[in-house]
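Working notes for the structure below.
Throughout, a chain's letter reflects where its sequence line sits, starting with A, and its residues are numbered from 1.
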Amino acid sequence: MQRPQNPPRGTIDLLSPESLSCRYIENLAQRIFESAGFQEVKTPIFEATEIFVRAAGEASDIVNKEMYTFEDRSGRSLTLRPEGTAGVVRAYLTNGLDRKTKPVKLWYSGEMFRYERSQVGRYRQFRQIGVEIFASGGVLIEFEAITLALKLFQELKIKDLVLEINSVGDFESRKIYQEVLRSFLKEHENKICPDCQKRSESNPIRALDCKIPEDQELYKQAPKIKDYLNNESLEHHKQLIKLLEDFNINYIWNESLVRGLDYYNNTVFEIKTNNKTLANQNTICAGGRYDSLVKDFGGDNTPAFGWALGLERVMQIAEINLKQNIDFFLINELGQENIIEIISLANKLRNLKFKICFDYDNKSPNKQFELAKKLNAEKIIIFKEGKLILKDLLNEKQFVFENSEELIKNII
RNA sequence: GCAGGUGUCGCCAAGUGGUUAAGGCCCUGGGUUGUGGCUCCAGUACCGCGGGUUCGAUUCCCGUCAUCUGCCCCA
């Protein structure tokens with residue numbers, strides 16, 4: 001077989017140091033979520049196809065062209081999860097979390113799968129870290145969830161972030177608004193771009209996000225969603241904005257902000273980066289409120305809020321500089337008959353939490369020194385003429401010990 | 001699904017329609033040193049794949065695949 005040139009399209013291998021960055025971000029996220037009392041949930045990577053169809057909506061792009069769907073051996077239709085929320089909602093109900101202390105605050109981290117054209121910051125298998133909160137309908141939980149995300153990015157030293165928020169209202173008013181907007185787009189059908197002509201049917205609100213300047217100019221006169229929000233939605237939105245302002249959190253009220261999934265109501269938000277390396281894939285975190293999804297899944301009427309971030313995207317702009325190293329490299333100048341002593345010392349030091357490597361292949365001392373250097377060893381221990389020499393490779397200082405006990409005593 | 005760019009060793013990268021396809025890095029083995037990081041020697045490519053043009057193609061053409069970028073859409 002020929003050497004394989006690439007992993008499957010849209011997938012990447014994560015090697016050190018990127019794999020270290022990945023874990024670093026996950027650990028940081030865990031710490032931040034747990035600081036706010038969130039609990040981790042690990043749901044299956046695949047679910048019954050129906051779960052995602054019901055959550056994302058029959059008409060959504062995710063369902064129509066992006067799912068990895070397959071039949072198992074008994075003919076069940078299963079799908080690799082394209083997003084995290086549906087599975088978590090399912091788990092919330094199947095595990096009876098609706099009978100636990102509320103609100104239920106969950107977080108997760110894991111792979112998602114979408115069959116789409118890969119680009120910068122866009123993969124067919126990608127990782128998301130997210131939170132889902134059930135049974136709290138107010139703005140406080142939204143504020144907390146959003147600030148947790150901001151806190152995470154802040155700790156990752158990611159600058160130039162923009163928080164965009166909007167309210168898409170409740171389902172009734174959104175429906176009315178969509179119709180009004182659709183009429184507006186129909187009216188100007190000959191002036192707008194072909195994409196927007198399509199969008200006027202499929203998702204009129206999305207048209208407002210069009211990148212074409214002429215279209216943008218026209219849409220300044222388009223009906224505004226905030227004029228169609230009912231008092232409750234408007235009040236909700238104002239409360240959230242007030243909280244953000246009270247804490248000096250910068251935000252943009254982006255009235256054309258909509259999410260790709262049908263289930264959102266009232267608050268939706270995105271966190272975008274100005275970092276050019278991600279080009280148009282500059283949304284690194286997005287989410288919103290989805291008060292009807294639990295009920296749609298057969299549960300009680302339960303308000304919910306959540307978001308997800310794209311781990312690969314975050315990694316690309318986070319500039320985490322981690323390097324794998326070892327504490328001691330054991331150099332054997334005495335030959336293979338001495339190997340028991342080497343292994344014993346390695347085990348003792350590893351039990352003391354030191355990172356230890358040594359040569360397995362009877363290499364010459366010279367090669368062992370090179371190996372120590374390549375593995376970023378901070379110190380070496382040389383077994384020579386019945387003694388142990390400890391050398392610090394950073395400052396060249398060295399000490400001689402009679403045996404390993406004496407050496408260990410001086411290390412700790 | 002649509003549009004454009006690219007495809008020479010693990011990585012980077014010269015090059016030509018015609019004898020053995022540069023070089024650098026990395027890797028492996030060895031010499032020197034001998035508590036290394038210098039240096040020296042050696043080794044590793046059927047030029048993405050298939051077809052065509054041609055006396056002859058890695059170099060020209062077509063197709064295909066892969067990859068990158070943009071659109072749609074999205075984290």
Side-chain angles (χ1 to χ4, degrees), chain A residues 2-12 15 56 59-67 81-85 109-130 149 193-199 202-203 206-207 209-212 257-261 269-273 277-288 306-317 329 331-333 359 361 363-377 379-385 387-394 396-400:
Chain A
Q2 264 197 334
R3 182 193 283 257
Q5 294 298 306
N6 294 296
R9 171 177 287 187
T11 66
I12 53 170
L15 306 172
S60 66
D61 272 23
I62 285 185
V63 170
N64 280 303
K65 50 181 205 184
E66 295 179 1
M67 294 205 305
R81 61 185 180 197
E83 52 100 22
T85 301
S109 172
E111 293 79 8
M112 307 296 160
F113 305 83
R114 288 184 201 172
Y115 189 88
E116 55 187 339
R117 209 90 227 181
S118 51
Q119 288 177 40
V120 180
R122 252 179 117 164
Y123 308 97
R124 291 185 171 182
Q125 174 178 330
F126 59 101
R127 283 155 242 266
Q128 287 190 335
I129 296 177
C193 72
D195 280 332
C196 282
Q197 288 170 13
K198 271 183 239 158
R199 285 188 276 235
S202 59
N203 195 348
R206 179 64 73 183
D209 232 358
C210 184
K211 294 184 181 75
I212 302 186
L257 177 64
V258 283
R259 313 268 36 263
L261 304 162
F269 78 98
E270 291 188 358
I271 298 172
K272 294 182 178 174
T273 173
T277 59
L278 284 171
N280 278 327
Q281 277 64 246
N282 60 351
T283 298
I284 57 173
C285 177
W307 56 252
L309 65 80
L311 190 46
E312 287 82 358
R313 292 184 185 180
V314 172
M315 279 170 62
Q316 273 196 38
I317 57 172
F329 190 95
I331 289 178
N332 184 2
E333 291 207 11
D359 164 52
D361 301 306
K363 285 185 167 58
S364 69
N366 202 30
K367 293 289 179 193
Q368 294 185 50
F369 278 101
E370 284 179 18
L371 203 49
K373 184 67 183 178
K374 283 175 188 168
L375 294 173
N376 293 319
K379 298 183 173 91
I380 53 177
I381 296 170
I382 307 155
F383 284 70
K384 188 178 186 178
E385 292 163 1
K387 299 194 174 165
L388 290 84
I389 304 162
L390 171 67
K391 179 172 180 179
D392 189 322
L393 290 177
L394 300 177
E396 300 283 306
K397 283 183 185 167
Q398 64 179 50
F399 305 92
V400 181

>> Check the phosphate of B:rU67 against A:Ser118, side-chain N and O only, distance under 4.0 Å to OP1 or OP2. Yes or no?
In response: no

> For the side chain of A:Gln368 and the backbone of A:Lys363, is there at least one donor-acceptor N/O pair under 3.5 Å apart?
Replying inline: yes

>> Using a heavy-atom cut-off of 4.0 Å across all strands, would you classify A:Ile380 as base, sugar-phosphate, or nothing?
In response: nothing

> Stacking between A:Phe126 and the base of B:rA75 (centre distance under 5.5 Å, interplanar angle under 30°)?
Replying inline: yes

> Which part of the nucleic acid, if any, lies within reach of A:Leu311 when heavy atoms closer than 4.0 Å are counted: base, sugar-phosphate only, or nothing?
Replying inline: nothing

>> Check this one for me: any side-chain N or O of A:Gln119 less than 4.0 Å away from OP1 or OP2 of B:rG70?
In response: yes

>> On the nucleotide B:rA3, are OP1 or OP2 found under 4.0 Å from the side-chain N or O atoms that A:Arg117 carries?
In response: no

>> Work out how far the P atom of B:rU33 is from that of B:rC26, and round it to whole angstrom.
In response: 23 Å

>> At 4.0 Å (heavy atoms only), tell me whether A:Ile382 reaches a base, stays on the sugar-phosphate, or touches nothing.
In response: base

> If we take the P atom in both B:rC68 and B:rG63, what is their distance in whole Å?
Replying inline: 22 Å

> Which part of the nucleic acid does A:Val120 contact within heavy-atom distance under 4.0 Å: base, sugar-phosphate only, or nothing?
Replying inline: sugar-phosphate

>> Once you apply a heavy-atom cut-off of 4.0 Å, does A:Glu116 come out as touching a base, just sugar-phosphate, or nothing?
In response: base

>> Would you measure the distance from the P atom in B:rG50 across to the matching atom in B:rC65 and give it in whole Å?
In response: 15 Å

> Of A:Leu390, A:Leu394, A:Leu393, which meets side-chain contact (heavy atoms from CB on, under 4.5 Å) against A:Lys379?
Replying inline: A:Leu390

> Base, sugar-phosphate, or nothing for A:Asn366, non-hydrogen atoms under 4.0 angstrom?
Replying inline: base

>> My understanding is that only residues two or more places apart in sequence, or in another chain, count here; which of them pass salt bridge (charged side-chain N to carboxylate O under 4.0 Å, His left out) with A:Glu270?
In response: A:Arg259, A:Lys272

>> For the P atoms, the ones on B:rU67 and on B:rG30, what distance do you get once it is rounded to whole angstrom?
In response: 39 Å

>> By the 4.0 Å heavy-atom rule, please label A:Gln398 as base, sugar-phosphate, or nothing.
In response: base

>> Rounding to an integer number of angstrom, what distance separates B:rG48 and B:rC12 when you compare their P atoms?
In response: 14 Å

>> Can a donor-acceptor pair be found, under 3.5 Å and without considering hydrogens, that links the side chain of A:Arg114 to the backbone of A:Pro82?
In response: yes

Give each protein N/O atom lying under 3.5 Å from an N/O atom of nucleotides 4-11 of chain B, with the pair distance.
none

>> Under 4.0 Å from OP1 or OP2 of B:rC71: is there any side-chain N or O of A:Asn280 that close?
In response: yes

> Which part of the nucleic acid, if any, lies within reach of A:Arg199 when heavy atoms closer than 4.0 Å are counted: base, sugar-phosphate only, or nothing?
Replying inline: sugar-phosphate

>> Regarding A:Arg124 and A:Glu116, does a basic nitrogen lie under 4.0 Å from an acidic carboxylate oxygen?
In response: no

>> Need to verify one output field. Residue with the more 5' nearest nucleotide on RNA chain B, A:Lys65 or A:Ala308?
In response: A:Lys65

> With nearest nucleotides of RNA chain B determined for A:Gly310 and A:Leu393 from heavy-atom distances, which residue corresponds to the more 5′ nucleotide?
Replying inline: A:Leu393

>> Rounding to an integer number of angstrom, what distance separates B:rU54 and B:rA13 when you compare their P atoms?
In response: 36 Å

> When we call it a touch if two heavy atoms are under 4.0 Å apart, what does A:Glu83 touch: a base, just sugar-phosphate, or nothing?
Replying inline: nothing

> So what does A:Arg127 hit on the nucleic acid, given a heavy-atom distance under 4.0 Å: a base, only sugar-phosphate, or nothing?
Replying inline: nothing

> If you look at every strand shown and take non-hydrogen atoms under 4.0 Å, does A:Gly130 touch a base, only sugar-phosphate, or nothing?
Replying inline: nothing

> Given B:rG70, B:rU35, B:rA75, which nucleotide is nearest the side-chain atoms of A:Ala286?
Replying inline: B:rA75

>> Is the phosphate of B:rG36 approached by A:Lys367 (side-chain N or O, under 4.0 Å from OP1 or OP2)?
In response: no

>> Using only atom types and a distance under 3.5 Å, with no angle test, would you say the side chain of A:Glu312 pairs donor to acceptor with the backbone of A:Arg127?
In response: yes

> Checking A:Arg81 side chain against A:Glu111 main chain: does a donor-acceptor pair fall under 3.5 Å?
Replying inline: yes

>> Any side-chain to backbone donor/acceptor pair from A:Arg313 onto A:Leu278? Under 3.5 Å, distance only.
In response: no

> Using atom P of each nucleotide, how far apart are B:rG7 and B:rG29 to the nearest Å?
Replying inline: 34 Å

